[in-house]
Amino acid sequence: MPKQIILAAHFPGVNNTTVWSDSRSGSQIEFDSFEHLARTAERGRFDFFFLAEGLRLREQRGLIHDLDVVGRPDTLTVLAALAAVTTHLGLAGTLNATYHEPYELARQLATLDHLSGGRAAWNVVTSPGAFFGENFRRGGFLDHADRYVRAAEFIEAARTLWDSDGGDFSITSSQFGIAGRFGVPRSPQGHPVVLQAGDSEGGRELAARHADAIFSRHHQLEDARVFYRDVKQRVIRHGRDPDSLKIIPGVSYVLGDSDADAQEKAHHIRRQQVSPQTAILLLEQLWNRDLSGYDADGPLPEIDPRLDEDDTIIKGRAGMYPDRLATAAEWRALAEAKKLSIRDLIIEVTGRQNFIGTPARVAEQLDEYVQTGACDGFILVPHLTPAGLDDFVDQVVPLLQERGVVRTEYSGGTLRDNLGLAKGR
Ligand SMILES: Cc1cc2nc3c(=O)[nH]c(=O)nc-3n(C[C@H](O)[C@H](O)[C@H](O)COP(=O)(O)O)c2cc1C
């Protein structure tokens, strides 16, 4: 029997992935939008619905990045509301372990697991930088390594709380010293599903030790295979069954009547995602300079990126380019070789579209990834909110069902059942 493909639906976040200017794009905050995407995913018998987390609107040149003005509503509130209008779909929320507290989050997730009949999932992130911490009382006080120490202790603490079955608990670790009574009885999954997103050594180790799944950025076939092997070996080193950690990259797709038609649509979508103004903003994120005077249809700046990391003009994207000069050199070489303008280059080097073609071609490629050890499934990131998944569910899912690699009906009661994960202790 072929391996089953995990499918999840990513509600587009506050960035230029969503083509907000498209007349079919709707609100990013009204409940109708979340409901539409979730119901569509459930119609396609997806495993789960996924929300990212942005705790603070990013800033650029002292202003809120225009594409972020929309903001994001609170994750757990949205998921709780969705629990009432769906029946089988898993509900996954990204919630950072750096600023939240275990008692608070474990209660919320256990409650969501109860309300949804065993469908809650938590995507653990450590948050990209101190900028976000300023929104919280304690501020951004942890460096990268300590954020992962805290995340590991956080997950262990949450599991202790879930295992307490509403009873007494006492937790002492380097980050936490808490004791009391949990107050929420054991939830249907025992432990809500734990995903992890974070790609460094620390991130991979955290996942290999503690997570049920990884939301990854490795979506190019060869790169995905290398990542898959690396992480599964880590899981084995930690004495776990490699199948107990699912690897699920976020991917985008474009469908067309023919492969050529899909390529043309893909090109059009990329140009909408990267307007001239967005191209300059994205270039500034590497250059760390005000480039508003540059023409997006012209060549790259001759001046080098500014390296003062303590004074970045981008707040909330720290660490995105660890070696600005090296990346700038790569971009220059590419622009030179292909005769690309700033906008063309940005289209090429950011936000690659992963699966482009007829529904049959896309179904075949998705299946190839999973059957040949590149991943265990996909978190699909549509470019339209909220209807971006409609065509995938109508056109690609039936082909995957014919191949016998996705379910035609839900059989399991909980998200853990559907993902083939053991019940939490
Ligand atoms: C695929 C992926 C998705 C992420 N999504 C979020 C998110 O929604 N919110 C957030 O605050 N951080 C997110 N992060 C950032 C992580 O929290 C982490 O802080 C960052 O990747 C730095 O850790 P690393 O060096 O281990 O990658 C994401 C990271 C990855 C790789």
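Counting starts at 1 for both ligands and their atoms, in listed order. When reading the values below, keep in mind they use all heavy atoms of this one structure, side chains included, and skip hydrogens, waters and symmetry mates.
Within 6.0 Å of CD in Gln220 there are more than 12 heavy atoms belonging to other residues, nucleotides or ligands. Crowding of Arg225 atom CZ: a count of heavy atoms from other residues, nucleotides or ligands under 6.0 Å exceeding 12. Residue His267 qualifies as open at atom NE2: its count of foreign heavy atoms under 6.0 Å is 12 or below.
Tested against Arg324 for a salt bridge (Lys or Arg N to Asp or Glu O under 4.0 Å), the candidates Glu284, Glu309, Glu330 yield a single pass: Glu309.
At least one heavy atom of Ser127 sits closer than 4.0 Å to an atom of ligand 1. Between His144 and ligand 1 there is a heavy-atom distance shorter than 4.0 Å.
In terms of protein heavy atoms, atom 16 (C) of ligand 1 is closest to Ala197 O, 3.6 Å. Atom 21 (O) of ligand 1 has as its closest protein heavy atom Gly198 CA, 3.8 Å. Shortest contact from atom 13 (C) of ligand 1 to any protein heavy atom: Val125 CG1, 3.6 Å. For atom 9 (N) of ligand 1, the closest non-hydrogen atom of the protein is Glu53 O, 2.7 Å. What sits closest to atom 11 (O) of ligand 1 on the protein, heavy atoms only, is Pro128 CD, 3.5 Å. The nearest protein atom to atom 18 (C) of ligand 1, hydrogens excluded, is given as Thr126 OG1, 3.6 Å; this is a heavy-atom distance. Closest to atom 31 (C) of ligand 1, if we only count protein heavy atoms, is Arg217 NH1, 3.3 Å.
Between the side chains of Asn96 and Ser127, no donor N or O sits under 3.5 Å from an acceptor N or O. Using modelled atom types and a 3.5 Å distance limit, the side chains of Asp163 and His191 yield a donor-acceptor pair.
Ligand 1 has no nitrogen or oxygen under 3.5 angstrom from a nitrogen or oxygen of Asn123. Inclusion of Ser200 in the set of residues having an N or O under 3.5 Å from an N or O of ligand 1 is warranted.
Smallest separation of non-hydrogen atoms from Ser411 and Asn418: N-OD1, 4.2 Å.
Only the side chain of Thr94 comes within 4.0 Å of ligand 1, counting heavy atoms alone; its backbone N, CA, C and O stay farther away. For Tyr148, every heavy-atom contact with ligand 1 shorter than 4.0 Å involves the side chain, none the backbone.
In this structure, Asp47 contributes its side chain and Leu7 its backbone to a donor-acceptor pair below 3.5 Å.
With a 4.5 Å cut-off on side-chain heavy atoms, Glu42 and Tyr410 count as touching.
In summary, Arg72 and Glu53 do not engage in a salt bridge, as defined by a charged side-chain N under 4.0 Å from a carboxylate O.
Using a 4.0 Å threshold on non-hydrogen atoms, atom 1 (C) of ligand 1 counts as touching the protein.
Near Asp199, meaning under 4.0 Å from any of its heavy atoms, are these atoms of ligand 1: 24 (P), 26 (O), 27 (O). Atoms of ligand 1 lying under 4.0 Å from any heavy atom of Ala52, numbered from 1 in the order shown and given with element: 8 (O).
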